[in-house]
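Working notes, structure below.
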Amino acid sequence: MTKRNQRYDHGRVEARWQEVWERTGIYRAEVDWERPKHYALTMLPYPSGDLHIGHWYAMTPSDARARYMRMKGYNVLFPMGFDAFGLPAETAAARANIHPWKWTYSNIERMRRQLRSMGTMFDWEREAVSCTPEYYRWTEWFFSRLYEAGLAYRGEALVNWSPSLQTVLANEQVIDGKDERTGQPVVQRMMEQWFFRITDYAEELLSFSGLDWPEPIKAMQTNWIGRSVGARVRFPVEGADPIEVFTTRPDTLHGATFMVLAPEHPLVEVLTTADQREAVEAYRAGASGRSELQRTDLTRDKHGVFTGGYATNPVTGTDIPVWIADYVLMSYGTGAIMAVPGEDSRDWEFAAKYGLPVVRTVQPPDHFEGNAYEGDGPSINSDFLDGLYIAEAKVAMIDWLEAEGRGEGAIQYRLRDWLISRQRYWGSPIPAVYREDGAVELVPDDALPVELPEDVEFTPTGRSPLVSHEPFLNAVDSEGGPATRETDTMDTFMCSSWYQLRYLSPGYDLAPFDPEEAAYWLPVDTYTGGAEHAVMHLMYTRFFTKALRDMGCFEDTAAAMRAHGRDPEGMFDEPMVMLRNQGQVLGEERRGDRVLVVGRQEEDRLKADSVLVVTDPDAQLEYADGDRLVGEIVSRTEHVLVVQPPDGPDPVTVEIAEGATIEIPTIPGPNSVTQLRHRLDVQRMSKSRGNVVNPDDLVERFGADTVRTYMMFAFEWEKGGPWDSRGMRGAQRFIVDVWRLGKAEYRARSVDDSASAGLRRRAHQAIIKVGQDLESFSWNTAVAELMKLRNSMNDALAARNVTPEVWRETLSILVLLLAPIAPHVTEEVWSRLGNRTSIHLQPWPEPDMEAAADESVTMVVQVNGRVRSRIEVPVGISESAALDLALSHHNVARHVGESEVRRVIDRRPRLLNIVV
RNA sequence: GCCCGGGUGACGAAAUCGGUAGACGUGGCGGACUUAAACUCCGCUGCCCCUAAGGGGCGUGUGGGUUCGAAUCCCACCCCGGGCACCA
């Protein structure tokens with residue numbers, strides 16, 4: 001234990017204050033219409049077993065922000081819960097025969113304890129756990145509302161079917177088309193499942209107005225929705241329905257020389273001729289063995305099969321061949337495309353491979369060398385479009401299609417409806433039954449929730465026990481007739497699409513949420529979480545909120561708002577107003593320098609006389625006789641290197657001799673040991689690599705305050721970065737110093753007015769700076785500013801040259817500003833200062849702008865843009881005084897010399913640039 | 001392939017508006033304290049050159065440009081990370 005640590009017992013201090021906070025309930029958030037509200041939310045964790053450092057990285061800065069908002073006068077709600085349904089629990093059940101309830105609950109217990117050790121201000125009375133019947137009753141209830149609103153329907157979608165296990169596998173369980181556990185093949189099979197009509201909201205989801213969200217997230221969602229404008233065109237087929245396609249280039253219709261259908265397209269049956277049937281069937285069978293991901297792999301050769309059938313190009317009247325190819329997906333657009341090789345390079349490739357005709361319909365520029373021409377130009381070979389450029393030609397063609405009844409202008413989205421069916425046990429049941437006649441019926445609301453049976457057995461196949469559980473399966477319909485219960489359960493994204501509502505009143509049993517609570521707290525003001533949820537979770541919850549709004553689920557809430565004088569207009573359009581993403585804490589994999597060491601063998605080490613960094617990666621250097629060594633620097637401590645030779649031999653310890661030459665070609669001049677780069681072996685954190693940083697150990701050793709401070713100090717929060725355990729010491733010293741400063745018996749010795757004013761200035765500047773940084777999620781610079789204030793206080797304590805009043809004021813400011821970041825030590829110091837109410841109930845300090853103002857500042861004097869002098873000047877210095885002062889400075893005078901001053905760039909008081 | 005980020009000392013980083021590059025911290029080096037080690041404290045720490053004090057040059061992935069002045073803006077290129085991907 002360190003000397004500092006002997007005195008600061010973080011374990012005792014943190015435990016005590018956590019107990020006090022819990023007992024006094026200072027983090028309870030209650031509706032108070034007299035105060036402005038702030039709903040801060042951080043993404044809820046999946047109870048996977050242990051909290052990892054990433055949770056700390058995500059949650060403690062969010063907690064600091066929530067605490068800051070509270071000090072700024074807001075009534076802050078900051079809840080926490082668990083996204084508790086999901087595959088891992090079921091996998092554990094199948095593998096170890098532990099019931100998912102038990103597995104999940106014991107994990108939740110453990111994580112609750114770990115979460116409390118963070119010292120967060122979570123209001124635990126708001127906790128919601130999505131796998132409890134009290135919660136999923138309402139998940140089911142929402143399903144029923146969506147069904148009634150026509151937003152839930154049954155449709156077909158491909159699933160990963162394992163013929164050997166007779167079960168459906170998740171994408172992550174399938175690797176290279178095989179079951180990851182058994183290695184058995186997996187096929188793509190159509191299955192009837194439940195969907196939500198998120199596509200009805202595609203247009204609204206494209207609008208982010210009023211949302212303070214990161215631009216990349218908005219861009220990703222926009223791309224995911226993938227709006228394209230074009231036309232639907234029908235190609236007649238003899239003796240069958242026409243083939244409908246969507247195209248963004250209706251202007252090129254004259255150049256459509258063939259068509260391609262998805263192998264699953266229903267018209268394939270009709271179009272395939274007898275002599276092509278065998279080839280088509282074989283191709284379709286092959287396609288079913290490929291996942292969508294494989295089918296759409298860019299690096300794969302395009303291939304397809306001719307069906308033998310033809311369709312008629314509606315504008316030229318020509319019969320064109322119809323092919324099938326698996327890169328055309330049934331789930332996108334109409335499952336069919338018109339191929340225009342002249343203007344589309346993919347179609348060109350396909351045409352070239354199979355000898356299909358090409359007709360150019362856009363005139364390429366002179367000397368155009370490429371194949372397909374995708375740029376703009378006048379139409380050619382296109383009858384009534386000839387001479388028109390793309391934009392006009394599109395309009396003209398759509399007019400023609402509509403007039404002739406061959407098609408119409410259309411908008412197509414890449415977004416597909418949300419497939420919510422999961423063929424699993426551990427999820428929220430879908431409250432539907434199938435009558436004997438096959439009709440679907442909802443379970444009445446008063447019979448909700450449909451509960452998951454507990455007496456189930458899990459088999460290693462991973463097959464949902466619900467499908468064979470008779471008491472669960474047997475149901476009655478609304479007329480008392482026999483019915484079969486739906487055995488699919490819901491996607492867990494469904495649970496997390498509305499948890500922000502459940503937190504408002506987790507015990508409420510009249511509705512999913514209490515309108516009185518919702519009227520005050522909604523919407524979420526600040527949402528934080530990982531960017532990996534950029535699209536799916538965040539888009540589903542946006543859809544959910546909009547659907548709820550349109551189904552009238554917020555009407556009671558709106559009424560309550562009006563009753564309290566709050567305008568409900570626009571309050572239910574979006575779930576989260578502000579979004580910020582944290583980066584990821586990971587390991588860095590940096591190679592060390594590759595070196596050639598020459599020296600002499602001494603006992604267990606090589607004493608080096610010269611070290612040369614080898615920059616050419618292809619350099620062939622012989623490894624080692626006794627005195628020469630080539631390898632990568634694995635680590636370095638002072639003058640001792642550990643060098644790993646290539647191809648396996650043990651690492652060699654190299655000691656750099658006094659006066660040895662070190663040569664690094666990329667750094668000119670003589671080089672020193674410290675410039676050698678060694679390998680950083682902190683690798684990307686993952687369970688499989690066994691290098692996950694366990695926060696419990698860190699808390700035990702350093703305390704939660706130190707871990708929190710380090711998490712906020714070490715990285716740019718939105719970026720993340722590699723973990724470096726050594727950096728923890730800086731945070732630890734800082735926390736202990738704060739405690740020590742708080743405990744110090746300050747006695748002034750030789751009070752100096754300017755020192756007092758100087759310390760006060762630093763303190764009030766810190767109020768401004770830290771406030772700005774916390775507003776903008778810049779934790780690292782906020783901590784840096786506080787460390788600077790700590791340094792100033794250290795100096796003042798040593799010199800004892802500030803007044804006791806200033807000392808005390810500065811100390812109070814230091815702990816108040818640090819309180820959101822390190823809640824325990826600041827509470828400890830605060831109470832030592834004689835305060836009776838918690839520091840976490842104090843208002844954020846107001847800066848005294850006069851005290852914070854600089855009196856003098858360093859003026860940089862440049863001559864022709866190069867810094868020649870730095871002069872301390874009063875802030876309000878006049879232009880002539882500044883110029884005189886600058887020109888009288890010897891170094892400036894030297895550079896100005898006899899030259900004429902042509903211009904002075906005046907950025908007083910910080911900078912003066914004299915152009916000669 | 002497309003889109004979005006990013007590239008700054010030995011390391012994590014800062015520079016909020018085009019105006020002192022490297023704040024703050026880690027590590028390292030030197031010193032004090034110590035029987036010793038740890039802890040702690042003090043000093044130094046981008047690279048190079050001249051030097052007695054003091055100066056000078058170079059430097060934010062590379063090359064060019066705009067500007068009195070560029071880590072920051074523009075053009076081209078290289079590299080790293082993330083996302084999406086035959087999207088018709």
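Numbers restart at 1 for each chain; the letters A, B, ... are given by sequence-line order, proteins then strands. Because only heavy atoms are used, hydrogens play no part in the values below, and waters and symmetry mates are left out as well, while side chains stay in.
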Say you pick atom [atom1] in [N] and the same atom in [M]; how far apart are they, in whole Å?
{"N": "B:A13", "M": "B:A71", "atom1": "C1'", "answer": "14 Å"}
{"N": "B:G22", "M": "B:U8", "atom1": "C1'", "answer": "8 Å"}
{"N": "B:C3", "M": "B:U26", "atom1": "P", "answer": "43 Å"}
{"N": "B:C48", "M": "B:C39", "atom1": "C1'", "answer": "37 Å"}
{"N": "B:U62", "M": "B:G69", "atom1": "C1'", "answer": "22 Å"}

Is it the case that the ring center of A:F715 lies less than 6.0 angstrom away from the ring center of A:W717?
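Centroid distance A:W717-A:F715: not below 6.0 Å, so no.
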
Is the distance between the ring centroids of A:Y283 and A:H303 under 6.0 Å?
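Yes, the ring of A:Y283 comes within the 6.0 Å limit of the ring of A:H303, centre to centre.
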
Once you apply a heavy-atom cut-off of 4.0 Å, does [X] come out as touching a base, just sugar-phosphate, or nothing?
{"X": "A:A219", "result": "nothing"}
{"X": "A:D344", "result": "nothing"}
{"X": "A:Q862", "result": "base"}
{"X": "A:V860", "result": "base"}
{"X": "A:K769", "result": "base"}
{"X": "A:R894", "result": "sugar-phosphate"}

Taking pairing as Watson-Crick or G-U wobble with both contacts under 3.5 Å, can you name the mate of [N], or confirm there isn't one?
{"N": "B:G69", "value": "none"}
{"N": "B:A10", "value": "B:U26"}
{"N": "B:C41", "value": "B:G31"}
{"N": "B:U60", "value": "none"}

Out of [options], which has the shortest distance to the side chain of [X]?
{"X": "A:R870", "options": "B:U20, B:G55, B:C24", "result": "B:U20"}
{"X": "A:T781", "options": "B:A15, B:A88, B:A85", "result": "B:A15"}
{"X": "A:V867", "options": "B:C68, B:G56, B:A21", "result": "B:A21"}
{"X": "A:N913", "options": "B:G19, B:A21, B:A14", "result": "B:G19"}
{"X": "A:L911", "options": "B:C84, B:U16, B:U20", "result": "B:U20"}
{"X": "A:M787", "options": "B:C24, B:A14, B:C84", "result": "B:C24"}
{"X": "A:H890", "options": "B:G54, B:C84, B:C68", "result": "B:G54"}
{"X": "A:R868", "options": "B:G57, B:G55, B:U40", "result": "B:G57"}
{"X": "A:R903", "options": "B:A88, B:C84, B:C68", "result": "B:C68"}

Syn or anti for B:G64, given that syn means the glycosidic angle lies within 90° of 0?
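Anti conformation for B:G64.
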
Starting at atom [atom1] of [X], determine the distance to atom [atom2] of [N], rounded to an integer number of angstrom.
{"X": "A:R866", "N": "B:G56", "atom1": "CZ", "atom2": "P", "answer": "9 Å"}
{"X": "A:E349", "N": "B:G1", "atom1": "CD", "atom2": "P", "answer": "14 Å"}
{"X": "A:M859", "N": "B:U20", "atom1": "CE", "atom2": "C1'", "answer": "12 Å"}
{"X": "A:R740", "N": "B:C39", "atom1": "CZ", "atom2": "P", "answer": "16 Å"}

Compare side-chain N and O positions of [X] against OP1 and OP2 of [N] and report whether any pair is under 4.0 Å apart.
{"X": "A:R733", "N": "B:U26", "value": "yes"}
{"X": "A:H895", "N": "B:G56", "value": "yes"}
{"X": "A:N791", "N": "B:G25", "value": "yes"}
{"X": "A:R232", "N": "B:A88", "value": "no"}
{"X": "A:N780", "N": "B:A14", "value": "yes"}
{"X": "A:R910", "N": "B:A15", "value": "no"}

Both conditions, 6.0 Å and 45 degrees, for the charged tip of A:R414 above the ring of A:W224: are they met here?
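Flagged: A:R414 positioned over aromatic ring of A:W224.
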
Considering non-hydrogen atoms only, spot the tightest contact between A:L579 and A:P214 and give its length.
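Closest approach of A:L579 to A:P214: O-CD, 3.2 Å.
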
Starting from the 5' end of RNA chain B, give me the residue, A:Q772 or A:N223, whose nearest nucleotide shows up first.
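Closest to the 5' end, via its nearest nucleotide, is A:N223.
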
5′-ward residue of the pair A:S228/A:E215 relative to RNA chain B:
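The answer here is A:E215.
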
Do the side chains of A:R234 and A:E408 get close enough for a salt bridge, i.e. N-O under 4.0 angstrom?
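A salt bridge links A:R234 with A:E408.
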
Using only modelled atom types and a 3.5 angstrom limit, is any donor from either the side chain of A:R729 or the base of B:U26 paired with an acceptor on the other?
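Check fails, no donor-acceptor contact within cut-off.
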
Checking A:T706 against A:Q732 for the side chain to side chain donor-acceptor pair (under 3.5 Å) test, could you report, in this order, the C-alpha distance in whole Å, the side-chain angles of both residues, the deciding distance, and whether it holds?
CA-CA 5 Å; A:T706 295; A:Q732 185 188 25; 5.9 Å; no

